[in-house]
Amino acid sequence: MRPLYVVKAGSATLDHETIFREIAELSARGARVLLVAGGAVFIERHYESLNRAVPIRRMAGGDEFRYCPAEEMPFVVAAYEQVALPVVEAGLGAHRLAVFASVAGRAALVSGTPNKPIRVVSDEGRISVVRDHRAGVPDAVDTGRLTALLDAYDVVCLSPPVAGADGEAPLNVDADVLAAVLANALDADHLRLVTGTPGLLRDPADPSSTLRHLHPGEGGQFAGGRMRQKVRAAEIALAGSADVAITGPHTMADDGGWTRFWPEPPPAEDLALLSRTVTIPSVSRDEYELARYLVRWCAERGIEAWIDEAGNLVAVKGGGPRRLMMLGHLDTVPFRWPVRWEAGEHLFGRGSVDAKGCLAGFLEVLSVAEVPPDGQLRVVGAVEEEISSSKGAFHVRDNYPADAVVIGEPSGSATLTLGYFGLFKLKITATVSSGHSAGMDAVSGPDRLIEVTQAIRESVLKQAPEALSAVIDMWTEPGSRSNRAVAVLNFRVPPDADLASIEEAALAHAGADASIEVQRATPGFSGSRTTSLAKAFTRSFGKAGIRPRFVVKKGTSDMNTLATTWTGVPMVAYGPGDSSLDHTDVERIGVAEYRQAVGVLAEAVANWFVITGGKS
């Protein structure tokens, strides 16, 4: 599933070409984009073109608002349809993007509940109650139709008003709140509320006073005027699992001002990076926002960091010939939920174990490490580790040579992983002539697929009795003349397995009615406890009073990818967390274990530089 950005841009921002270019860049990265267009300036322009005064009322508290009785709503709708949305269509069309643009109330894409009556003050100071003001709160979203539109168009743009749940005239709603409600309903990955200031300012008169990090209830005291609704919208969105930011001026670029909203404060300052890294969604192929945040985190600490051509985060200290690399990964498997702390002791969230806890620990160690003049310490957060491409690790393998590597994967703070099983992955396609399944001795595509799959399993197990196998995907492709059934068969093979013999045994089952494609053939890897890197960890465990376990795991990691061409390079995997929680909906990491792992790792890094420097 492609990531979803919900971007709210007010009418002043839509007057800048920058926002359209940035949305085009999101689309080019493969994101779906839902743009919510504000309209204050466009409404004023439309009313001016009609020589019609915008009706204004003043509330008892002193704030003014645009008065929208039922008879006024057609003019508001027309302002969006005839002025605002054409600006969006032209701006995005200039970037050759296919755009669907509509007011949210059309066909009840979004509906809302009217507000309660409002107390207003006349120019003479008399107080009265307005009951016909058509304003409300959006609270019902047609997610099915909007999802179909998002899949069909490069950008979907919605604007107020929404349909009235009471069946009366449309309801004017705040565009920022509309964006937040849409983000929650559609399970957006990212919400950006773009404004004309560099985020939310501590002092409105000082553009350099951007508040960088806020939690629920903290922003209201700094927000005045229209910014109050942005803060309200940001806090509404925290009920979902998107990462939320107010950005500007009139840009989503990270060199502008960003105020990020986080669902909960971390229990302690040393847990802030862990908490925030887990909070930013980064399902495979949607790693950019997390990488961008971590680059800024490094820059604030004087660490050289960048995003490389593959999309990896790269952070480096030192430029000497003794090179130690810590390789983690940015991406997670799909399906997210709001991140939360439980009693200040456990952090629940997708990726907390696999493997953002590892990556956060790597960066914490990098930030405090004292790298000798002849040393180099590099941290890489790789992309696409959780999918078959391993794009990030292959780029590392071919571009960042190292003398030793720590892979960031969870096995627990008291365990060192010396190796992993390899991966052998096949796509099997069985094709039979179309016919009725009730025919004598009929064999369907799935029947033949099952036969071939089982035969391949038996042959591979003869070559590697300890191999593990699973069919991880299966589908049929019916046709007028033939019936095809397809499966993806995955093998985990031990480090000493002969992949060439395994591949030969599997491909021997190909025939006229069965094709077999090797999608991945990555050998296993197992290192020694006597390498300089393993010794560095052993000393660290001893200093911490830990009796470590040394294991070879049946999964596969980026260690295997490096090992396809790297020889003689010591590698281990280390990281906090219970790996049995990987990919589950109860994924969580404990504070005590995380802190212990960071301490062990920091000591091991220092030990490695001592050992390899001849001072052990």
Side-chain angles (χ1 to χ4, degrees), residues 308 310 312-330 354-355 357-366 369 371 375-385 390-411 415-423 495 522-540 548 550-553 555-576 597-598 600-613:
D308 69 15
N312 298 326
L313 163 76
V314 184
V316 179
K317 269 188 176 181
R322 290 192 294 136
R323 302 160 300 188
L324 174 61
M325 179 163 64
M326 297 187 285
L327 173 60
H329 63 90
L330 296 163
D354 187 15
C358 303
L359 182 58
F362 284 178
L363 291 169
E364 293 284 11
V365 169
L366 179 67
V371 180
Q376 180 192 84
L377 183 59
R378 183 191 303 267
V379 170
V380 178
V383 299
E384 299 184 19
E385 190 273 348
S390 293
K391 174 183 175 183
F394 279 111
H395 187 81
V396 170
R397 183 196 69 178
D398 298 337
N399 292 277
Y400 304 133
D403 301 302
V405 182
V406 182
I407 301 291
E409 290 290 348
S411 292
T415 301
L416 193 66
T417 300
L418 299 175
Y420 287 90
F421 273 37
L423 177 63
T522 304
F525 176 85
S526 183
S528 166
R529 291 173 57 174
T530 62
T531 66
S532 58
L533 187 58
K535 288 179 179 179
F537 271 93
T538 300
R539 293 182 184 183
S540 184
F550 296 88
V551 300
V552 174
K553 300 187 73 173
T556 301
S557 78
D558 283 337
M559 180 186 293
N560 303 67
T561 301
L562 300 185
T564 55
T565 60
W566 288 14
T567 58
V569 178
M571 292 190 282
V572 299
Y574 182 71
V598 170
V600 167
L601 178 63
E603 183 69 20
V605 167
N607 290 343
W608 184 84
F609 281 116
V610 170
I611 292 170
T612 59

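Side-chain atoms are counted along with the backbone in the values below, which use heavy atoms only and exclude waters and symmetry mates.
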So, do [X] and [Y] sit near enough that their side-chain heavy atoms are less than 4.5 Å apart?
X: Thr612; Y: Ser532; value: yes
X: Arg529; Y: Leu418; value: yes
X: Ser390; Y: Asp558; value: yes
X: Pro495; Y: Pro523; value: no
X: Gln376; Y: Val316; value: yes
X: Thr538; Y: Phe550; value: yes
X: Glu409; Y: His329; value: yes
X: Arg397; Y: Thr565; value: yes

Nearest heavy-atom pair of [X] and [Y]: which atoms, and what distance?
X: Gly381; Y: Leu359; result: CA-CD1, 4.0 Å
X: Thr530; Y: Ala534; result: N-CB, 4.5 Å
X: Ala597; Y: Tyr574; result: CA-OH, 3.4 Å
X: Pro410; Y: Ala355; result: CD-CB, 4.4 Å
X: Val406; Y: Phe537; result: CG2-CE1, 3.9 Å
X: Asp403; Y: Pro321; result: OD2-O, 3.0 Å

Exercise for the section: Give a yes or no answer on whether the side chain of Arg322 reaches the backbone of Phe609 with a donor-acceptor pair at less than 3.5 Å. Expected result: yes
Practice task
Report yes or no: does Asn312 contribute a side-chain atom to a donor-acceptor pair with the main-chain N or O of Val314 at less than 3.5 Å?
Solution key: no
Practice task
Please say which of Thr564, Leu562, Thr556 ends up in a side chain to side chain contact (heavy atoms under 4.5 Å, CB included) with Asn560.
Solution key: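 The single option meeting the side chain to side chain contact (heavy atoms under 4.5 Å, CB included) with Asn560 is Thr556.
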Exercise for the section: Scan Met326, Met325, Arg323 and name whichever one has a side chain to side chain contact (heavy atoms under 4.5 Å, CB included) with Leu377. Expected result: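 Between Leu377 and the candidates, side chain to side chain contact (heavy atoms under 4.5 Å, CB included) is satisfied uniquely by Met326.
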Practice task
Report the C-alpha separation of Val371 and Leu324 in whole Å, then their side-chain angles, then the decisive distance to 0.1 Å, and conclude whether the side chain to side chain contact (heavy atoms under 4.5 Å, CB included) test is met.
Solution key: CA-CA 10 Å; Val371 180; Leu324 174 61; over 6 Å; no
Exercise for the section: Give the C-alpha distance, both sets of side-chain angles, the deciding distance and a yes or no for side chain to side chain donor-acceptor pair (under 3.5 Å) between Ser411 and Thr417. Expected result: CA-CA 7 Å; Ser411 292; Thr417 300; 2.8 Å; yes
Exercise for the section: Give a yes or no on this: more than 12 heavy atoms of other residues, nucleotides or ligands lie within 6.0 Å of atom NZ of Lys317. Expected result: yes
Exercise for the section: Using the six-membered ring wherever Trp is involved, compare the ring planes of Tyr400 and His395 and label them parallel, tilted or perpendicular (cut-offs 30° and 60°). Expected result: perpendicular
